[in-house]
Amino acid sequence: MRAECASLAYGGRRLGLVPTIGALREGHLSLLRAARAECDVVTASIFVNPTQFGPEEDLAKYPRPFARDSELLRAEGVDLLFAPSVDEMYPAGAVTYVNVEGLSERLCGRSRPGHFRGVATVVSKLFHVVQPEVAFFGQKDAAQVAVIRAMVRDLLLPVEIVACPIVRESDGLALSSRNVYLSSEQRRQALALFRSLLRVQELYEGGERHATGLIAAGVEEFSREPGVSLDFLEVVNPDRLEPLEFAKPGALVAVAGFVGSTRLIDNVVLS
Ligand code: PAF
């Protein structure tokens, strides 16, 4: 893969990477299209990374429609797909991890201990193999974007990080590979996440700046839907993910909740 990428990027051609864990959906396609528009060579990876799943999480049942995914990548004009095995990415005896301290314990990192360590580790490995000039991630996982940006800065990695906008269904539900786990009733209940964000945004636009007031309103909106349970709703700084006392332009409002046993996330950036 490294040799192939080096030869494709020869002569200063701009090589982009879209890392994925497969089960591609419209959100991924938007990353691929952004890469296609910006790069001379587009690579993608499919790797269901075991180290970013907790012991109680859905690693075993995570969808792996490999043939369909590869066809979609081909149709989007991807030049090269990297789909390594677990043994290739984690050679026997592997004991080295990348930990972005502080950030990895915030937002999703608090309820998913070790998750961002797994993400940072695998993304740094992918960067070392593919050596992209630019890599594309979805803004839906805003905490992941912050962790990866911090890792790239701290490890002096020569990779530009592009965050692409969240893709939503027509009713506002953010696209997620995990939406396939939802029944039609749960699909309806899942809209509580987006509604709670809209409520926060609306209040902010009406002049409310106290994070406690904004969060209380969002939580109240969320709790109107009894079928879902809240993990967190926070107003944070988008780079350090630290809670803000007062909301301001650029602040990230992030929500996570469970619909049955399915954990979903969403966010908006206040403007
Ligand atoms: O966002 C994802 O799909 C994954 O966390 C990533 C970045 C591909 C790392 O496994």
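Numbering of ligands and ligand atoms starts at 1, following listing order. Side chains are part of it too, since the values below use all heavy atoms of this structure and drop only hydrogens, waters and symmetry mates.
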**Item:** Criterion salt bridge (charged side-chain N to carboxylate O under 4.0 Å, His left out) on Arg74 and Asp69, from CA distance to verdict
**Value:** CA-CA 9 Å; Arg74 198 188 305 277; Asp69 284 350; over 6 Å; no

**Request:** Please check if Leu252 and Leu103 belong to a single hydrophobic cluster, counting links between Ile, Leu, Val, Met, Phe, Trp and Tyr side chain heavy atoms closer than 4.5 Å.
**Result:** yes

**Request:** Considering the heavy atoms of Val122, write down every atom of ligand 1 situated less than 4.0 Å from one of them.
**Result:** 9 (C), 10 (O)

**Any N or O of Gln52 closer than 3.5 Å to N or O of ligand 1** = yes

**Request:** Can you sort out which atoms of ligand 1 are near Pro19, meaning under 4.0 Å from one of its heavy atoms?
**Result:** 8 (C)

**Request:** Taking side-chain hydrogen bond (donor to acceptor under 3.5 Å, both in side chains) as the test, write out the residues that go with Arg117, two or more places apart.
**Result:** none

**Asked** Will you find, in the side chains of Thr51 and Tyr97, an N or O donor that is under 3.5 Å from an N or O acceptor?
**Response** no

**Asked** At a 4.0 Å threshold, what atoms of ligand 1 neighbour a non-hydrogen atom of Thr20?
**Response** 8 (C)

**Arg195: partners by side-chain hydrogen bond (donor to acceptor under 3.5 Å, both in side chains), with sequence neighbours left out** = none

**Prompt:** What part of Asp141 sits under 4.0 Å from ligand 1 if we count only heavy atoms: the side chain, the backbone, both or neither?
**Reply:** neither

**Request:** Enumerate the atoms of ligand 1 whose separation from the nearest heavy atom of Phe137 is less than 4.0 angstrom.
**Result:** 7 (C)

**Prompt:** What do the steps show when you test Ser85 against Glu88 for side-chain hydrogen bond (donor to acceptor under 3.5 Å, both in side chains), and what is the final call?
**Reply:** CA-CA 5 Å; Ser85 67; Glu88 281 173 299; 3.3 Å; yes

**Prompt:** Hey, is ligand 1 close enough to Gln144 that some N/O pair sits below 3.5 Å?
**Reply:** yes

**Asked** Side chain or backbone of Ile21 under 4.0 Å from ligand 1, or both, or neither, by non-hydrogen atoms?
**Response** both

